[in-house]
Amino acid sequence: MREDLLTIKEIYKDPGAFYGKEVRLAGWIRNIRDSKVFGFIDLNDGSCFSNLQVVFEADKLDNFEQIAKLGVGSAILVKGILTESPGAKQPFEVKAESIAVEGVSPSDYPLQKKRHSFEFLRTIAHLRPRTNTFSAVFRLRSILAYAIHKFFQERDFVYVHTPIITGSDCEGAGEMFRVTTLDLNALPLDDQGKVDFSEDFFGCDTKLTVSGQLSAEAYALAFRNVYTFGPTFRAENSNTARHASEFWMIEPEMAFADLADDMKLAEDMMKYIISYVLEHAPAEMEFFNSFIDKELLERLNNIVSSEFAHVTYTEAVKLLEKSGEAFNYPVKWGMDLQTEHERYITEKVFKKPVFVTDYPKEIKAFYMRLNDDGKTVAAMDLLVPGVGEIIGGSQREERLDYLDARIEELGLNKEEYWWYRELRKFGGTRHAGFGLGFERAIMYMTGMSNIRDVIPFPRTPRSAEF
RNA sequence: UCCUCAGUAGCUCAAUGGCAGAGCACUCGGCUGUUAACCGAGGGGUUACUGGUUCGAGUCCAGUCUGGGGAGCCA
């Protein structure tokens, strides 16, 4: 049976090939309207964005009564003839010869035919992929993931699977989730009364990764160009539309590369993946442009064809100081740029993606390479209109004495970084990389404004039900 | 975590401190080409929770919980 099944996507690719012929389809009822002796079903089979209209008639089906009573959400198998449709809203339809019910959907099915709020749909995360918006979002998510792999693979970057469980606390990118098999009601204690992690599964205190970067650096110093693409975890109590506790990151790392190479890669990648989804998901992108964000396609097309802007942190501060804008937070060299500042720069000054580079070392991570001025580091953030920071990257400090100085300045434990330091000791080279938040990229390309709506089952503070 | 707004039927929302309402959904009936079908009827409520003020609270007050928007942290 299964191999006989056609998909709606296949029919749309070449409808002429199927006109007048018998087709077999399987899918879910999105809408059903019945009259005394005939009815219409809008069938969605998940293969593409479009529904297919199924016409069913009492004199053709022996189970007409049963079919007419089916609720939205029911799963059915349809056998029928594909014909051109007299109706205005669809080019073709299937005249059913038989319909088998695979799974009914009772009257308490929570999805209506009309629009729901995203807030409500989050409470039924197991059913929301059956809606138009989420169907489009998650198909796009899949296509975008493929585009990212394709971009790096075409450039001979090696895909590295960095660990999810990490033994050290030295990734330096935020609060971490602890991984343990210890009985929390009977914790083993050492002679100082502290938890004895030598009794734990790994024999030490372990956490979920917040970044694959340090591991990726090790592989870059062997393969030259590598990338990671996997889940990361942050235990921060962030309650915003742009933060999740579990999200995916893409982290390329290149040896024999500096910050300029890094920005070139980031710009090429952004343009590549935008072009890719525009070309390979036109129906979904058109949907987002119509129902989610009216300026989406214009903005994305504009980005593909324009040069990204570049500005140093110091120049950005000057621009903000003489802008005359009344910011809630003061602008001062040495302070990190606030969200309102970033938005002003990317949305008002440049009106396109902007790399902000060379931040003061005090507000950036220990591994970023110190510039010759001794005050700034070779870091870059890519700011985009609407989303804000989408990429953060840097050239890494390859000089061991400089790295050690920063580790000591920040009061970090040098021993914990022993293998990271050895990468500098044995054939260290200049190298650079960045992190792209996968969900933020999806938000940017769909116009969706809440990260919870671009992750199938999002994890956020106090929320992990599904 | 902070600021702010909100929480009433399955959903989206009304209701001056004075009878708990509508549209959609759902159930039943009607309808020979519908398009978020249409027409008729019906069922459906611990007004988030706890306490307080009041003759009387969905409405006012306090606390808690949940959600939205903004901020911090960041990707």
Practice task
Could you pick out which residue, Gly87(A) or Ser449(A), lies toward the 5' side of RNA chain B when each is mapped onto its nearest nucleotide?
Solution key: Gly87(A)

Taking the same atom, [atom1], in [N] and in [M], what whole-Å distance lies between them?
N: G21(B); M: G45(B); atom1: C1'; answer: 11 Å
N: C11(B); M: G63(B); atom1: C1'; answer: 30 Å
N: G69(B); M: U64(B); atom1: P; answer: 22 Å
N: U4(B); M: A9(B); atom1: C1'; answer: 29 Å
N: C3(B); M: G44(B); atom1: C1'; answer: 39 Å
N: G58(B); M: A41(B); atom1: C1'; answer: 29 Å
N: U46(B); M: G29(B); atom1: P; answer: 28 Å
N: C19(B); M: A15(B); atom1: C1'; answer: 12 Å

Tell me whether the rings of [X] and [Y] are parallel (<30°), tilted (30 to 60°) or perpendicular (>60°).
X: Phe38(A); Y: Phe40(A); result: perpendicular
X: Phe92(A); Y: Tyr19(A); result: perpendicular
X: Tyr313(A); Y: Tyr359(A); result: tilted
X: Phe64(A); Y: Phe56(A); result: tilted

List every contact pair, protein side and nucleotides 4-10 of chain B side both N or O, where the distance is under 3.5 Å.
residue, atom, partner, partner atom, Å
G10(B), N2, Gln112(A), NE2, 2.6

Should the side chain of [X] and the base of [N] be counted as holding a donor-acceptor pair, with the cut-off at 3.5 Å?
X: Glu57(A); N: U32(B); result: no
X: Glu236(A); N: U1(B); result: no
X: Arg242(A); N: A75(B); result: no
X: Asp34(A); N: U34(B); result: no
X: Ser238(A); N: C73(B); result: yes
X: Lys95(A); N: G33(B); result: yes

When you get a sec, tell me which of [options] is the closest nucleotide to the side chain of [X]?
X: Thr339(A); options: U34(B), C74(B), G72(B); value: G72(B)
X: Ile451(A); options: G69(B), A75(B), C73(B); value: A75(B)
X: His116(A); options: G33(B), U1(B), C11(B); value: C11(B)
X: Glu342(A); options: U1(B), U34(B), C74(B); value: C74(B)

Which part of the nucleic acid, if any, lies within contact of [X], taking any heavy atom under 4.0 Å across all strands shown: a base, the sugar-phosphate backbone alone, or nothing?
X: Glu93(A); value: base
X: Asp108(A); value: nothing
X: Phe40(A); value: base
X: Ala244(A); value: base
X: Ile390(A); value: sugar-phosphate
X: Phe438(A); value: nothing
X: Gln53(A); value: base
X: Thr123(A); value: nothing

Rounded to the nearest angstrom, tell me the gap between atom [atom1] in [X] and atom [atom2] in [N].
X: Glu465(A); N: U66(B); atom1: CD; atom2: P; value: 13 Å
X: Ile124(A); N: G67(B); atom1: CD1; atom2: C1'; value: 15 Å
X: Arg115(A); N: C24(B); atom1: CZ; atom2: C1'; value: 15 Å
X: Leu337(A); N: C73(B); atom1: CG; atom2: P; value: 11 Å
X: Met176(A); N: C74(B); atom1: CE; atom2: P; value: 15 Å
X: His243(A); N: A71(B); atom1: NE2; atom2: P; value: 11 Å
X: Lys60(A); N: G33(B); atom1: NZ; atom2: C1'; value: 13 Å
X: Asn239(A); N: C73(B); atom1: CG; atom2: C1'; value: 11 Å

Taking OP1 and OP2 of [N], is either one under 4.0 Å from a side-chain nitrogen or oxygen of [X]?
X: Arg122(A); N: G68(B); value: yes
X: Ser35(A); N: U34(B); value: no
X: Asn450(A); N: G69(B); value: yes
X: Thr240(A); N: G69(B); value: no

Any luck finding a side-chain donor-acceptor pair between [X] and [Y] under 3.5 Å?
X: Gln338(A); Y: Tyr344(A); value: no
X: Thr7(A); Y: Asp45(A); value: no
X: Ser47(A); Y: Glu10(A); value: no

Looking at [Y] and [X], is any side-chain nitrogen of the basic one under 4.0 Å from a carboxylate oxygen of the acidic one?
X: Lys348(A); Y: Glu325(A); result: no
X: Asp42(A); Y: Arg33(A); result: yes
X: Glu22(A); Y: Arg24(A); result: yes

Check nucleotides 47-50 of chain B against the protein and report each pair of N or O atoms closer than 3.5 Å, with its distance, or say if there are none.
none

Problem - Any residue meeting side-chain hydrogen bond (donor to acceptor under 3.5 Å, both in side chains) with Glu347(A), in chain and number order, not counting sequence neighbours - result: Arg343(A)

Exercise for the section: Can you sort out the partners of Asp453(A) under salt bridge (charged side-chain N to carboxylate O under 4.0 Å, His left out), two or more places apart, ordered by chain and number? Expected result: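 If we apply the salt bridge (charged side-chain N to carboxylate O under 4.0 Å, His left out) test to Asp453(A), skipping adjacent residues, the hits are Arg122(A), Arg128(A).
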
Exercise for the section: Please confirm whether Arg155(A) makes a cation-pi placement over Tyr272(A), using NZ or CZ under 6.0 Å from the six-membered ring centre and within 45° of the ring normal. Expected result: yes

Exercise for the section: Mark yes when over 12 heavy atoms from residues, nucleotides or ligands other than Lys375(A) sit less than 6.0 Å from its NZ; otherwise mark no. Expected result: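 Counting other residues, nucleotides and ligands, NZ of Lys375(A) stays at 12 neighbours or fewer.
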
Exercise for the section: Count the heavy atoms of every other residue, nucleotide or ligand shown that sit under 6.0 Å from CZ of Phe327(A), and state whether that count exceeds 12. Expected result: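 Yes - once you tally the heavy atoms of other residues, nucleotides and ligands closer than 6.0 Å, there are more than 12.
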
Donor-acceptor list for residues 430-437 of chain A side chains, cut-off 3.5 Å, not counting sequence neighbours:
residue, atom, partner, partner atom, Å
Arg430(A), NH1, Phe256(A), O, 3.1
His431(A), ND1, Thr429(A), O, 2.9
His431(A), NE2, Glu217(A), OE1, 2.7

Handout entry: Strand RNA chain B as a dot-bracket string - pairs counted if Watson-Crick or G-U with both distances under 3.5 Å, | where the partner lies in another strand
Key = (((((((..((((....[..)))).(((((.......))))).....(((((..]....))))))))))))....

